[in-house]
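First the structure, in the form of structure tokens, and then the observations on it.
Small disclaimer: the values here were computed from a predicted structure and weren't measured. The sequence lines fix the lettering, A, B, ..., with proteins before strands; numbering per chain opens at 1.
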Amino acid sequence: MKSKKTAKNNSKPTYNFFDDVFEVVRLIPKGRVTSYGAIAKYLGTKMSARMVGWAMNAAHGDKKVPAHRVVNRNGLLTGKHHFSPPSAMEAQLKKEGIKVTKDKIQNFSDRFWDPYLEL
DNA sequence: GGTCTGACCGGCG
DNA sequence: ACGCCGGCCAGAC
């Protein structure tokens, strides 16, 4: 939605990817997680999963973007190290009802929320 | 203005 | 089964 960009090209034209990532992550249901590759695939660039993580880097400061709900393909909290306290990520996930052990999401397959399938 | 890195993924050896 | 390499996009030095 939105994606207005005000047709202002001299502001930030290359935020297409980031904006999409933020939106998708923001739409992640509570108690549900997704992977970088899933988002990338939803955007049409499954290869650029790295970029998704990079987008999170800019989003981690935005509380509207639950980066803690985004994990890698292994269901491992790879980005937990980037949080204020790293434990905040799994703590948040646990608060959402997701079991996290050793930085690994339990029942990941069941908790997995694929935007490509949902959206 | 060119080069490297970065919270990944998938394929190949 | 494990390890390494290439690929995509964008930002920082």
Side-chain angles (χ1 to χ4, degrees):
Chain A
M1 300 57 175
K2 81 258 228 12
S3 304
K4 309 288 257 71
K5 270 139 190 103
T6 21
K8 204 70 88 32
N9 28 347
N10 71 348
S11 278
K12 358 159 76 161
T14 54
Y15 258 58
N16 235 330
F17 216 95
F18 283 64
D19 195 5
D20 281 341
V21 174
F22 297 141
E23 184 171 330
V24 174
V25 174
R26 205 185 318 174
L27 292 174
I28 297 175
K30 182 180 171 188
R32 209 55 70 118
V33 291
T34 186
S35 62
Y36 304 96
I39 299 171
K41 186 158 77 168
Y42 171 68
L43 298 175
T45 55
K46 62 175 196 208
M47 270 180 172
S48 325
R50 298 171 93 188
M51 216 253 113
V52 180
W54 204 245
M56 288 286 120
N57 192 15
H60 87 76
D62 196 324
K63 57 184 178 184
K64 296 191 305 302
V65 183
H68 59 269
R69 293 184 189 155
V70 185
V71 295
N72 68 341
R73 249 289 297 158
N74 299 315
L76 218 162
L77 284 63
T78 55
K80 68 170 275 176
H81 255 294
H82 289 261
F83 276 69
S84 295
S87 43
M89 188 175 186
E90 57 182 273
Q92 185 69 12
L93 289 170
K94 286 179 183 175
K95 191 162 67 172
E96 306 243 329
I98 301 174
K99 297 192 190 85
V100 181
T101 306
K102 301 194 307 350
D103 309 343
K104 176 68 167 33
I105 295 179
Q106 304 303 304
N107 308 325
F108 177 63
S109 303
D110 189 57
R111 295 282 168 175
F112 188 66
W113 180 81
D114 192 336
Y116 196 78
L117 301 178
E118 300 296 322
L119 308 180

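Taking atom CD1 of A:Ile39 as the reference point, atom C1' of C:dC9 lies 15 Å away to the nearest angstrom. Rounded to an integer number of Å, the gap from NZ of A:Lys104 to P of B:dA7 is 20 Å. Between the P atom of C:dG11 and the CZ atom of A:Phe18 lies a distance of 5 Å, rounded to the nearest Å. For the pair A:His82 NE2 and C:dG11 P, the interatomic distance rounds to 17 Å; values are reported in whole Å. The CZ atom of A:Arg69 sits 22 Å away from the P atom of B:dA7 (whole-angstrom rounding). Across the protein-nucleic acid pair, A:Leu77 atom CG and B:dC8 atom C1' stand 15 Å apart, rounded to whole Å. Atoms CG (A:Leu43) and P (C:dA10) sit 12 Å apart, rounded to a whole Å. Put simply, CG on A:Asn74 is 13 Å from C1' on B:dA7, counting in whole angstrom units.
Toward the 5' end of DNA chain B, the nearer of the two residues A:Gly37 and A:Met51, judged by each one's closest nucleotide, is A:Met51.
A:Tyr36 has its side chain out of reach of A:Arg50: every pair of non-hydrogen atoms, C-beta onward, lies at least 4.5 Å apart. The closest side-chain heavy-atom distance from A:Ile105 to A:Leu77 is below 4.5 Å. Taking the side chain as every heavy atom from C-beta outward, A:His82 and A:Met56 never approach each other to under 4.5 Å.
A distance-only check finds a donor-acceptor pair linking the side chain of A:Gln106 to the backbone of A:Lys104 [under 3.5 Å]. Remark: the backbone N or O of A:Gly31 is paired with a side-chain donor or acceptor of A:Arg111 at under 3.5 angstrom. With A:Asn72 contributing its side chain and A:Leu76 its backbone, the two residues share a donor-acceptor pair below 3.5 Å.
If you take atom P in C:dC8 and the same atom in B:dG1, they sit 24 Å apart, rounded to whole Å. Distance noted for atom C1' between B:dA7 and C:dC2: 23 Å (whole Å).
A:Ala40 comes within 4.0 angstrom of no nucleic acid atom, judged by non-hydrogen atoms across all strands. Residue contacts for A:His60: at a heavy-atom cut-off of 4.0 Å it reaches a base atom on one of the strands shown. Note on A:Asn72: only backbone sugar-phosphate atoms sit closer than 4.0 angstrom, heavy atoms only; bases stay farther off.
Minimum atom distance to the side chain of A:Ser35 is reached by B:dC9, of the listed B:dC9, C:dA10, B:dG6. For A:Arg50, the side-chain atoms get nearest to B:dC8 when compared with the rest of C:dC9, B:dC8, B:dA7. Comparing B:dC9, C:dC8, C:dG11 by their closest approach to the side chain of A:Trp54 singles out C:dG11.
Across the strands present, B:dG1 finds no partner; the criterion is a Watson-Crick or G-U wobble pair with both atom distances under 3.5 angstrom. Base pairing analysis places B:dA7 opposite nothing; no Watson-Crick or G-U wobble pair with both distances below 3.5 Å involves it.
No N or O donor and acceptor, one from the side chain of A:Arg73 and one from the base of B:dG10, sit under 3.5 Å apart.
Residue A:Thr78 places at least one side-chain N or O closer than 4.0 Å to OP1 or OP2 of B:dC8.
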